[in-house]
Structure formats: structure tokens, C-alpha cells
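First comes the structure, then the notes that go with it.
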Amino acid sequence: MIAVEVQAAKHSYRALIGAGLSASAGHAIKDVLSPAQCAVISDTNVAPRFGDQLQKSLTAAGYQPKLITVPAGEESKTLDQAGDICEQMLASGLDRGSFVIGLGGGMIGDLSGFAAAIFERKIPHVQVPTTLLAMVDSSIGGKTGVNARAGKNLIGAYHPPVLVLDDIDVLKTLPRRELNQGFAEIIKHAVIADAEMFRQLEDVDPDDVDFAPLIRRNIEMKSRVVEADEHERKGERALLNLGHTIGHAIERASDYRDILHGEAVSFGMAAACQISMKKVGLPKKDRDRIVDLLRKFGLPTQLPKDYPRDKIFDALKFDKKFSRGEVRFVVTPKIGSAKLSREVTMVDLRSAIETL
Ligand SMILES: NC(=O)c1ccc[n+]([C@@H]2O[C@H](COP(=O)([O-])OP(=O)(O)OC[C@H]3O[C@@H](n4cnc5c(N)ncnc54)[C@H](O)[C@@H]3O)[C@@H](O)[C@H]2O)c1
Ligand SMILES: [Zn+2]
């Protein structure tokens with residue numbers, strides 16, 4: 001088992017990585033939380049697979065778990081659903097001394113963490129991520145929240161977990177497309193700050209990945225960035241948005257249908273490479289290596305010919321920061337480094353999107 005210490009503003013927490021960890025979750029949680037009632041929040045894909053095992057382990061360690069299952073899918077990440085979860089927790093007798101475990105992908109991590117942040121004015125949260133994306137990205141950093149009608153993740157709270165348990169065995173049942181979108185964020189981390197990891201990924205066989213060390217390296221990378229700028233005030237944390245400005249616009253243009261977040265980010269990174277070549281001298285050779293690596297992990301970098309690109313431009317205009325001309329766009333001058341640029345214009349974005 002691998003342990004990584006993550007420093008948040010008010011406390012530090014551990015991310016434990018290993019095979020079969022959820023079977024001994026109760027034991028691991030005992031190091032940070034004394035026996036109490038707890039809510040295990042999960043979704044309809046994950047709960048039937050891993051819910052029982054986790055609850056048994058909790059009960060054996062002296063906890064009283066209450067399983068709350070919500071429908072799988074981003075549609076469940078709402079204020080209504082968070083409220084309903086809190087009502088169910090109250091009805092089951094949970095109180096200020098209780099805690100919440102999120103068992104699932106990033107959707108469940110965000111929703112359960114937000115419920116923990118508002119229940120009785122905040123109770124502890126344990127993350128048990130079950131997607132690669134959640135292990136390397138969303139479970140680290142303390143951002144929790146739900147979607148609003150006006151946009152994604154607009155209602156939320158900073159609520160870092162007290163423990164993260166990454167059981168790599170659960171990745172065996174994750175559909176390939178879901179696994180691949182986790183690689184989009186991993187490749188993003190490598191491009192931003194880890195040229196060595198980038199080279200390692202170029203040598204990896206996508207069908208035979210040694211997940212534990214890879215997850216560790218990504219948690220270390222993300223937590224370094226988050227530690228430097230937890231509340232996204234100084235700029236470091238904004239670097240994690242590489243590929244996300246255009247990625248989010250593509251998600252909006254597609255009405256969040258038929259395209260996964262990581263896939264949209266893959267398009268966004270391909271476009272950001274184009275812009276980086278023009279603005280900060282990213283060598284063409286580096287751009288080609290980035291695009292090749294994305295493709296190797298089954299990620300798209302070329303939109304269908306007939307894709308309505310105008311919808312992407314419209315979605316970008318919807319981004320208010322753009323209309324005020326104060327965009328700080330993440331560019332990469334070479335693999336392993338990134339910075340914010342104020343010199344990227346709508347015209348640059350347009351021509352980059354046209355190359356997709
Ligand atoms: N808080 C943050 O910092 C942060 C960062 C990035 C993304 N996010 C959020 O994360 C969410 C996306 O995360 P995601 O991609 O994990 O989505 P997800 O939680 O919706 O999971 C994707 C799908 O995989 C299924 N699934 C999960 N684990 C499984 C397993 N082991 N086996 C089989 N099926 C499984 C889920 O039921 C779902 O259908 C978005 O809501 C996004 O906003 C948050
Ligand atoms: Zn992302």
C-alpha cells in the first residue's frame with residue numbers, strides 16, 4: 001500500500017492507494033474517525049458492486065453505516081439531491097458526530113462532499129473514489145459542489161476530505177471509455193508539470209498499466225499545485241485548467257451529451273497546443289507528442305467534419321470572462337511546463353478550434 005500526505009489549509013489528510021483497500025476500509029478509517037454512524041453515499045452503478053463489501057468492513061470496525069444510493073449520472077449532482085441526502089441522514093438519526101463516505105466517481109465525490117459540508121454545518125468526509133478520474137483529480141483538493149441551472153459546479157464549498165481510499169481493484173469494472181477520460185487529466189498533469197511522467201506514459205502499454213504508482217504521482221502533482229494556491233487566488237491552481245476553457249465550451253455546445261468531460265478536455269488540449277505554438281513557441285514536435293499520447297489512450301483530438309463549430313464559439317462567448325476580455329488562458333511553452341497568458345484572443349481561439 002502507498003500513502004501520500006496531502007496538505008490542506010486547515011488539516012492534512014492521507015490518500016491510501018492499493019489493491020483490495022475497500023475490504024479493509026473500516027480499519028483504515030479508524031485511524032482518523034472514532035466509531036459513529038455514517039452515511040455511505042453512492043450511485044446505482046457503484047453501490048450494487050462495492051456497497052456491501054464497504055458496509056461489512058465498516059460494521060466490523062464498529063461503525064453504523066447507512067447506504068444512500070442516487071441515480072448514476074451527472075443529473076444527480078443537484079442542490080435538490082444534496083438536500084434529499086441530508087433529509088435521509090437526519091431521518092436515520094445521523095448527527096454532528098456522524099460522517100459521510102462518498103463511494104463512487106467524481107459525481108458522487110462532489111455531491112457527497114457537499115452534503116457533508118452543509119449537514120449540521122459540516123461533518124467529516126471520506127472519499128472512496130471508484131473512477132480513475134476521481135482518484136487522480138476530483139478526490140484531491142477539497143472542491144465539492146453541485147450543478148446550477150446556469151452552469152456546472154456553481155454551488156459548492158471547500159471541504160477537503162479527512163481520508164482518501166483508492167482501491168485500484170475497483171477500476172477493473174470501469175468501462176474503457178470512462179478509464180480513458182481519467183487519462184485525459186493524467187496527460188494534462190504531465191504536460192503542465194511532469195515531463196518525466198509524460199515520457200513514462202509514452203512507453204506504457206494502455207492494456208497493461210501499473211495504476212498504483214501512476215495514481216500516486218498524480219496525487220502528488222495535484223496536491224503540490226493545490227497546496228500553493230488552495231483557493232485559486234494566486235494562479236497556480238488555474239494551471240490545472242489546461243484544455244478546460246475550450247473543453248467546457250465543447251461540453252456546453254454538445255449539451256453535455258455524447259461526450260465525456262475527459263474527451264472534451266482532450267479536444268481542448270489539442271486546441272491549446274495550437275495556441276501555444278503560436279503564442280509561446282511550443283515546438284511542433286512537442287504538440288505532436290501530446291496529440292499522439294492522447295490518441296494512444298483512445299482520446300479524441302479531431303471533431304467530426306460536420307460538427308457545428310459555431311456552437312463552440314457561442315459557448316465561449318457565454319464565458320463572461322471572455323466578453324470582458326480578461327481571459328487568462330493556460331498555455332504550454334514545452335512539455336512539463338505551463339503558464340497563464342492574457343494575450344490569447346477570441347480570434348486565436350477561433351482559428352485553433354477550426355483546426356480540430
Ligand atoms: N471536485 C473537483 O475538483 C473535480 C475535478 C474534476 C471533476 N469533478 C467532477 O467529477 C465528475 C466526473 O467524474 P467521473 O468521471 O468520475 O464521473 P461519474 O462519477 O459520473 O462516473 C462515471 C460513470 O462511471 C460509473 N462508475 C463509477 N465507478 C465505477 C466502477 N468502478 N465500475 C463501473 N462503473 C463505475 C458511474 O456510475 C458513472 O456512470 C463531474 O461531476 C465533475 O464536475 C470534480
Ligand atoms: Zn477536468
Side-chain angles (χ1 to χ4, degrees), residues 6 8 22 41-51 53-54 69-78 81-82 102-114 117 125 127-148 151-161 164 166-189 192 211 218-219 222-223 225-226 230-232 237-248 250-251 256 259-269 299 330:
V6 183
S22 46
I41 299 170
S42 192
D43 73 25
T44 44
N45 288 333
V46 177
R49 291 187 163 97
F50 312 114
Q53 184 184 323
L54 179 61
T69 306
V70 304
E74 192 67 19
E75 299 73 31
S76 283
K77 220 177 94 174
T78 63
Q81 192 62 259
L103 171 69
M107 185 281 281
I108 285 294
D110 281 7
L111 177 66
S112 63
F114 183 65
H125 184 223
Q127 294 257 23
V128 185
T130 62
T131 64
L132 183 60
L133 182 139
M135 291 180 189
V136 299
D137 189 355
S138 59
S139 63
I140 302 298
K143 283 190 183 176
T144 73
V146 295
N147 300 325
K152 280 191 71 181
N153 300 322
L154 294 179
I155 301 166
Y158 279 100
H159 188 32
V164 182
D166 292 329
D167 179 353
I168 56 172
D169 279 349
V170 305
L171 297 176
K172 289 177 189 154
T173 61
L174 192 64
R176 188 57 180 250
R177 223 180 133 194
E178 296 290 349
L179 193 72
N180 285 345
Q181 66 153 342
F183 277 104
E185 305 287 1
I186 290 176
I187 294 168
K188 179 195 78 179
H189 287 161
I192 297 170
F211 280 107
N218 278 275
I219 293 176
K222 180 163 181 187
S223 57
V225 173
V226 172
E230 191 171 19
H231 294 276
E232 213 163 329
R237 193 165 182 163
L239 296 178
L240 296 170
N241 291 332
L242 175 71
H244 279 61
T245 302
I246 292 173
H248 285 149
I250 293 177
E251 283 185 284
Y256 298 95
I259 184 159
L260 300 178
H261 172 72
E263 293 168 346
V265 169
S266 177
F267 285 121
M269 277 195 280
L299 291 159
V330 189

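We count ligands from 1, going down the list as the structure has it; atoms in each ligand are counted the same way.
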Quick test of your reading of the structure: of N45, N153, D110, whose heavy atom lies closest to atom 39 (O) of ligand 1? N45

Contact between E75 and ligand 1, counting heavy atoms under 4.0 Å? no

In terms of atom number and element, which parts of ligand 1 are under 4.0 angstrom from non-hydrogen atoms of Q181? 15 (O)

Nearest option to atom 23 (C) of ligand 1, as decided by whichever heavy atom of E178, E74, R177 sits closest: E178

Nearest non-hydrogen protein atom, atom 32 (N) of ligand 1: T173 OG1, 2.7 Å

Under the 3.5 angstrom rule, does the side chain of K222 hit a backbone N or O of D137 as a donor-acceptor pair? yes

What pairs with N45 under side chain to side chain donor-acceptor pair (under 3.5 Å), at least two apart in sequence or on another chain? none

Is the H159 ring parallel, tilted or perpendicular to the H125 ring (thresholds 30°, 60°)? parallel

Please determine whether any non-hydrogen atom of K77 lies less than 4.0 Å from an atom of ligand 1. yes

Environment of the Zn ion (ligand 2) in terms of protein N/O/S atoms, cut-off under 2.8 Å: E185 OE2, H244 NE2, H261 NE2

My understanding is that only residues two or more places apart in sequence, or in another chain, count here; which of them pass salt bridge (Lys or Arg N to Asp or Glu O under 4.0 Å) with E232? K143

Quick test of your reading of the structure: of S139, P71, G106, whose heavy atom lies closest to atom 10 (O) of ligand 1? G106

Suppose we measure from atom 36 (C) of ligand 1 to each protein heavy atom; which comes out shortest, and what is that distance? D43 OD2, 3.5 Å

So if I count the atoms of ligand 1 from 1 in the order they appear, which ones are less than 4.0 Å from some heavy atom of V46? 26 (N), 27 (C), 28 (N), 29 (C)

Partner residues of E263 under the salt bridge (Lys or Arg N to Asp or Glu O under 4.0 Å) criterion, sequence neighbours left out: R177

Contact check, R49 vs ligand 1, heavy-atom distance below 4.0 Å: yes

